[in-house]
Amino acid sequence: MKFFVDTANLEQIKDAAVMGIMDGVTTNPSLMAKEGITGKDNILNHYKAICALVDGDVSAEVISTDFDGIVAEGKVLAALHPNIVVKVPMIEEGIKAIRWFTDNGIRTNCTLVFSAGQAILAAKAGATYLSPFIGRVDDSGWDGMQLIEQIANIYAIQDFRTEILAASIRNPLHIVKAAENGADVVTCPLSAIKGLLKHPLTDIGLAKFLEDAKKL
Ligand code: G3P
């Protein structure tokens, strides 16, 4: 399973790169706004700065919602760097654009996915990645992991090549469950990835080893 870091924060991306566990980065307009990046040129330059730090795919999201606008924006984003994957919302115009990008050799990440039906449609259009928003499904009282399992089963039965990128991952258990239920990729804040390190018995065991080492 691949680990993407869900952030537009360059320090967090550098930190993840140093750990050696980062396979890519995902961003969205909310994450860009959180970093205070505004204006078209600054946004495009920020994507270039992210790509310079990442040896892997970087999802950059369009903000247009009509076919022509999505395609025009996607072409500009894809031209920034070979690692750019164009992130497109799960709407009718988005599906049309994903088909266009697929036919023209531009990779896509279909975002804001909340149902198996949407997952089938994105795969039919040839999306490279599919982003079901696990945390937000859980927030509404549904089971995000059940959705991952259902999509993974459908994609396996139908031999769809679209990769399941479990998104809106908020904690280490989400990562473990996504792995268990067949996600190809998880994208999450670095804090959730670092949370995988934690176990009190590791801390207790290490303290004891270090104490005993003093006797050697
Ligand atoms: O990858 C999608 C993610 O950024 C959304 O996360 O926590 O806002 O639901 P969240």
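We count ligands from 1, going down the list as the structure has it; atoms in each ligand are counted the same way.
- Looking only at side-chain heavy atoms (C-beta outward), Met32 and Tyr47 come within less than 4.5 Å of each other.
- Of the residues listed (Asp6, Leu53, Ile13, Asn83), the one engaging Val25 in a side chain to side chain contact (heavy atoms under 4.5 Å, CB included) is Ile13, and it is the only one.
- Proximity to Ala167 (heavy-atom distance under 4.0 Å) selects the following atoms of ligand 1: 1 (O), 2 (C).
- Nearest non-hydrogen protein atom to atom 6 (O) of ligand 1 is Ser168 CA, 3.5 Å.
- Two residues are said to be in side-chain contact when any heavy atoms from C-beta on lie closer than 4.5 Å; Ile70 and Thr65 fail this criterion.
- Looking only at protein heavy atoms, the nearest one to atom 1 (O) of ligand 1 is Asp6 OD2, 3.0 Å.
- Under 3.5 Å, the side chains of Glu61 and Asn28 contain no donor-acceptor pair of N or O atoms.
- Of all the heavy atoms of Thr111, none lies under 4.0 Å from any atom of ligand 1, so neither backbone nor side chain is involved.
- Atoms of ligand 1 found under 4.0 Å from any heavy atom of Asn28 (numbered from 1 in listed order, with element): 3 (C), 4 (O).
- Nearest protein heavy-atom neighbour of atom 2 (C) of ligand 1: Phe133 CZ, 3.4 Å.
- The single protein non-hydrogen atom nearest to atom 5 (C) of ligand 1 is Arg136 NH2, 3.6 Å, given as residue, atom name and distance.
- In this structure, Lys2 and Asp184 have side chains that are not in contact, with every pair of non-hydrogen atoms separated by 4.5 Å or more.
- Atom CD1 of Ile63 has 12 or fewer neighbouring heavy atoms from other residues, nucleotides or ligands inside a 6.0 Å radius.
- Among all protein heavy atoms, the one lying closest to atom 7 (O) of ligand 1 is Arg170 NE, 2.8 Å.
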